[in-house]
Amino acid sequence: MSGVDLARVALRAAKEQARARGAMAQQRRQARRGGGLRSGARAGGRDPLPLGAAVERLTVERGWEMPLAVGGVLGRWPELVGPEVAQHCVPEGYDEGERILTVRCDATAWATQLRLLAPQLLARLNADLGSGTVTLIKVLGPAGPARAPGRLRAPGSRGPGDTYG
């Protein structure tokens with residue numbers, strides 16, 4: 001490298017250092033004016049909040065109001081449907097986009113019973129959560145054992161239902 005090239009590299013490095021020092025000085029000036037790094041005598045966004053207010057602010061900022069409300073209801077499931085129904089029917093999930101609550105029952109008789117009670121349960125849930133929070137209750141029966149393909153089974157078959165159904 002020639003002397004001219006070295007001088008250009010040194011000049012470029014000096015300019016970058018000067019810009020960095022200028023940016024730091026500007027941040028210090030803003031901090032002195034109350035613009036960012038510390039809280040002053042007046043209330044600001046950086047002041048400490050009570051825990052309840054901080055959690056509420058976080059749920060609103062993140063858009064978690066509905067999932068938290070539905071989660072609270074799922075935690076009180078036995079209280080909403082009664083202990084006998086809650087013993088046999090368990091909520092599995094909630095689809096926020098479609099607003100569908102999925103419930104799994106341990107017997108087909110309980111699944112039928114819950115399907116008959118679905119309109120009343122839907123009204124109770126929407127009264128507790130707000131109108132339109134749950135639009136449909138999807139009731140699932142018991143899940144059967146998984147069928148592993150055996151020696152005499154075709155891959156993808158579902159058993160006798162393939163032929164007779």
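Values below: all heavy atoms of this structure, side chains included; hydrogens, waters and symmetry mates excluded.
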Participant: Nearest 0.5 Å, please: how far is CG in Leu114 from OG1 in Thr112?
Facilitator: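 Reported value, rounded in 0.5 Å steps: 9.5 Å.
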Participant: Report the C-alpha distance between Val139 and Ile137 in whole Å, list the side-chain angles of each, state the deciding distance to 0.1 Å, and finish with yes or no for side-chain contact (heavy atoms from CB on, under 4.5 Å).
Facilitator: CA-CA 6 Å; Val139 181; Ile137 297 176; 4.1 Å; yes
Participant: Can you see which heavy atom on Pro142 is nearest to which on Ala107, and at what distance?
Facilitator: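 In this case the closest contact between Pro142 and Ala107 is CD-C, 3.8 Å.
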Participant: CD of Glu92: more than 12 outside heavy atoms within 6.0 angstrom?
Facilitator: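 Enclosed: over 12 neighbouring heavy atoms sit under 6.0 Å from CD of Glu92.
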Participant: Is there a chain of hydrophobic side chains (I, L, V, M, F, W, Y, each step under 4.5 Å between heavy atoms) that links Leu117 to Val81?
Facilitator: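 Leu117 does not cluster with Val81.
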Participant: Would you check if the side chain of Arg104 reaches a backbone N or O of Pro91 as a donor-acceptor pair within less than 3.5 Å?
Facilitator: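 Answer holds: no.
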Participant: Taking all heavy atoms of Cys105 and all of Cys89, pick out the closest pair and write down the distance.
Facilitator: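 Closest heavy-atom pair between Cys105 and Cys89: SG-SG, 2.8 Å.
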Participant: Which atom pair, heavy atoms only, marks the closest approach of His88 to Glu84?
Facilitator: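 For His88 and Glu84, the tightest heavy-atom pair comes out as CD2-O, 3.2 Å.
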Participant: Go through it in stages, so that I can follow the logic: the residues are Arg99 and Val134, the test is side-chain contact (heavy atoms from CB on, under 4.5 Å), and I'd like the CA-CA distance, side-chain angles, deciding distance and then a yes or no.
Facilitator: CA-CA 5 Å; Arg99 298 182 181 206; Val134 180; 5.8 Å; no
Participant: Any donor and acceptor pair, going by atom type alone, linking the side chain of Asp95 with main-chain N or O of Leu101 inside 3.5 Å?
Facilitator: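 Answer holds: no.
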Participant: Check Leu136 against Leu122 and note the closest heavy-atom contact, atom names and distance.
Facilitator: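 Reported closest heavy-atom pair: N-CD1, 4.1 Å.
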Participant: Heavy atoms only: give me the nearest Leu116-Pro119 pair and the separation to one decimal.
Facilitator: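 Answer, listing the atom of Leu116 first, then Pro119: O-CD, 3.6 Å.
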Participant: Considering only residues two or more places apart or on different chains, which pairs with a residue in residues 116-142 satisfy ring pair (Phe, Tyr, Trp, His ring centres under 6.0 Å)?
Facilitator: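 Ring pair (Phe, Tyr, Trp, His ring centres under 6.0 Å) check on residues 116-142 returns no pairs.
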Participant: Over all heavy atoms of both residues, which pair between Val103 and Trp77 is shortest? Give the atoms and the distance, please.
Facilitator: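 Closest approach of Val103 to Trp77: CG2-CH2, 3.9 Å.
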Participant: Checking the side chain of Thr135 only, and the main-chain atoms of Glu98 only, is there a donor and an acceptor separated by less than 3.5 Å?
Facilitator: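 Present.
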Participant: Quick one: OG1 on Thr108 to CG on Leu140, what's the gap to the nearest 0.5 Å?
Facilitator: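 It comes to 13.0 Å.
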